[in-house]
Amino acid sequence: MRSSPRKRLPVLLLGTALLASVLGVGTIASAATGTGGTAPATAAHTGHTMAASTQASGDDPDGDGYIPAVPQVTDVTPSTATPPSRYFHEFQANCSVTHSAPDDPIVYPGQPGKSHDHTFMGNTSTNAGSTTASLYGGTTTCKAPADASAYWMPSLYKGDQRILPVGPQTIYYKAGVTDYTSVRPFPKGLRFVVGDPMQSADAFRHHRGFVEGWECGDSYFNTDFPASCPNRADVQLNIRFQAPSCWDGKYLDTPDHQSHMAYPVVKPGTNDNMCPADHPVAVPMIEFKMAFPVNGDMSQVRLASGRGYSFHYDFFNAWEERTLKAMVDHCIVGGLQCDARGYDQTHPDAGAALNADYRLP
């Protein structure tokens, strides 16, 4: 099963290299790291392609880009059920920025400095060499100590000044399918990339994960950064972007870092969403809701990956399994609108999944 994709790898890499050459996309040898301040101009302008993984890592010893799930999930068919209607079925993972670095342990595992600059949240140790084992149980800036997952996105700059989100950012875990009772926790070590740094403005606007694009003040649905934003203390630049929520049950990663995941499809004859047959496992739908403290003249605002429509993000699951299951079961399967404790203030009788310290009771 895995030999055929590996044989295609050189052709894929050649095509990627040619595309990068035509578009003038390169990689960086080194760049400044840290949580703020300026960075070399090269770090703010270079990007990476969605090339296949070609280097062995702790999670991918043969370097072919396929990381099998152990065990694989083979006993699932997409749910077509319609449970009792609940408007919400979600919880929040509130995670603050930890650091910035030109690393990407999914696209460029074990290759520090090869990526454009990324802003990391959650696990404080995330770097190019991160693996499931190195992240799991680690220190985190997420409110729930059990969420040692790594979350990252291209750094945002105004001129050469890196602009970092301030305070806990909202990362939703939602039901992406109509049968919210069928959603199960992510498997340990699952990772994927949402969006593509090489996408066009049109592709970004029509991406299945597009919600409201870039917005500030009363300006919404922008594929690129607005020319200006109201210059007021209460105005920030915001973006929301949703991830696929159907898993193939076989791989924790694939060479393009996306094929093992899929967006729901519409159940024929209805308005219901369900997982496709080749990606039958419903998992939480992650939604980044990021706020950047920048406004006024936006002409110098850019991403490390390029224009605003190059926005994308990465997720690497390292939740402690029992805690993630408790949050998924209580909030998503339970049809609640939960905070990071698993508490829904509109349904106080339901209690909370976690205690006051954001830990399992």
Side-chain angles (χ1 to χ4, degrees), residues 28 30-48 92-105 112-113 115-128 130 138-143 147-172 193-195 197 213-217 222 224-226 229-241 286-308 310-316 340:
I28 52 180
S30 63
T33 61
T35 57
T38 60
T42 52
H45 292 285
T46 53
H48 62 60
Q92 296 183 21
N94 297 133
C95 307
S96 300
V97 169
T98 59
H99 61 286
S100 297
D103 290 350
D104 191 322
S115 172
H116 54 243
D117 199 71
H118 282 113
T119 293
F120 294 89
M121 297 168 288
N123 198 297
T124 61
S125 72
T126 312
N127 58 38
S130 292
T139 303
T140 181
T141 60
C142 299
K143 286 187 176 180
D147 185 8
S149 303
Y151 308 87
W152 65 95
M153 59 190 170
S155 295
L156 183 138
Y157 291 84
K158 187 170 187 178
D160 289 329
Q161 183 73 26
R162 187 187 293 114
I163 307 295
L164 299 176
V166 177
Q169 297 300 294
T170 301
I171 301 169
Y172 288 108
V193 179
V194 185
W214 294 101
E215 61 92 8
C216 62
N222 298 290
D224 207 347
F225 300 119
C229 294
N231 190 4
R232 304 195 313 262
D234 64 325
V235 173
Q236 297 192 84
L237 179 68
N238 299 280
I239 190 166
R240 296 171 60 186
F241 207 62
I286 285 183
E287 178 184 305
F288 266 34
K289 185 179 180 182
M290 303 288 112
F292 300 88
V294 61
N295 55 35
D297 178 13
M298 304 290 286
S299 62
Q300 297 300 308
V301 174
R302 62 180 184 273
L303 293 172
S305 53
R307 300 283 291 272
S310 71
F311 182 78
H312 58 287
Y313 63 85
D314 301 56
F315 169 67
F316 195 140

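- Counting only heavy atoms from C-beta outward, the side chains of Ser125 and Thr139 never approach each other to under 4.5 Å.
- Nearest heavy atom pair, residue Leu303 against residue Gly308, reads CD1-O, 3.8 Å.
- Formation of a donor-acceptor pair under 3.5 Å by the His99 side chain with backbone atoms of Thr126 is found in this model.
- With hydrogens and angles ignored, the 3.5 Å screen pairs no side-chain donor or acceptor of Glu215 with any backbone N or O of Asn222.
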Thr98 and Asn123: side chain to side chain contact (heavy atoms under 4.5 Å, CB included), yes or no, with the steps?
CA-CA 7 Å; Thr98 59; Asn123 198 297; over 6 Å; no
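- Closest approach of Gly167 and Ser96 over heavy atoms only: C-OG, 3.4 Å.
- Among Cys229, Pro230, Cys216, the one residue that satisfies the side-chain contact (heavy atoms from CB on, under 4.5 Å) test with Asn295 is Cys229.
- Of all the heavy atoms in Asp147 and Thr140, the pair that sits closest is O-OG1, 2.8 Å.
- With a 4.5 Å cut-off on side-chain heavy atoms, Thr119 and Ser100 count as touching.
- Ion pair Arg302/Asp160 flagged as a salt bridge, since at least one NZ, NE, NH1 or NH2 atom sits closer than 4.0 Å to an Asp/Glu carboxylate oxygen.
- A donor-acceptor contact shorter than 3.5 Å links the side chain of Asp103 to the backbone of Gly113.
- A donor-acceptor pair is defined here as one N or O able to donate and one able to accept, closer than 3.5 Å; no such pair exists between the side chain of Gln300 and the backbone of Met298.
- Summarising the geometry of Phe316 relative to Ser130, their closest heavy-atom pair is CE1-O, 4.1 Å, with the distance given to 0.1 Å.
- Shortest non-hydrogen contact noted between Asp117 and Arg162 is OD2-NE, 3.1 Å.
- Between Asn94 atom CG and Ile171 atom CD1 the span is 8.5 Å, to the nearest 0.5 Å.
- Remark: side-chain polar atoms of Asp314 are not paired, donor with acceptor, to backbone N or O of Val193 under 3.5 angstrom.
- The CG atom of Asn127 sits 13.5 Å away from the NE2 atom of His118 when rounded to the nearest 0.5 Å.
- Distance CD/Glu287 to CD/Gln92: 10.0 Å, rounded to 0.5 Å.
- In this structure, the side chain of Ser155 does not engage the main chain of Ala304 through any donor-acceptor pair within 3.5 Å.
- Residue Phe315 holds its CZ atom at 11.5 Å from CE of Met121, rounded to the nearest 0.5 Å.
- With Ser115 contributing its side chain and Pro102 its backbone, the two residues share no donor-acceptor pair below 3.5 Å.
- Ring geometry for Trp152 against Phe120 counts as tilted: the plane angle lies between 30° and 60°, on a 0 to 90° scale.
- Heavy-atom minimum distance, Pro197 versus His312: CB-CE1, 3.5 Å.
- Aromatic ring pairs are classed by plane angle as parallel below 30°, tilted from 30° to 60° and perpendicular above 60°; the pair Phe292 and Trp214 is tilted.
- Counting only heavy atoms from C-beta outward, the side chains of Pro165 and Leu156 never approach each other to under 4.5 Å.
- Relative ring orientation between Tyr151 and Phe288 is described as tilted, the plane-to-plane angle lying within the 30° to 60° band.
- The structure places CE of Met290 at 13.0 Å from CZ of Phe241, a figure rounded to the nearest 0.5 Å.
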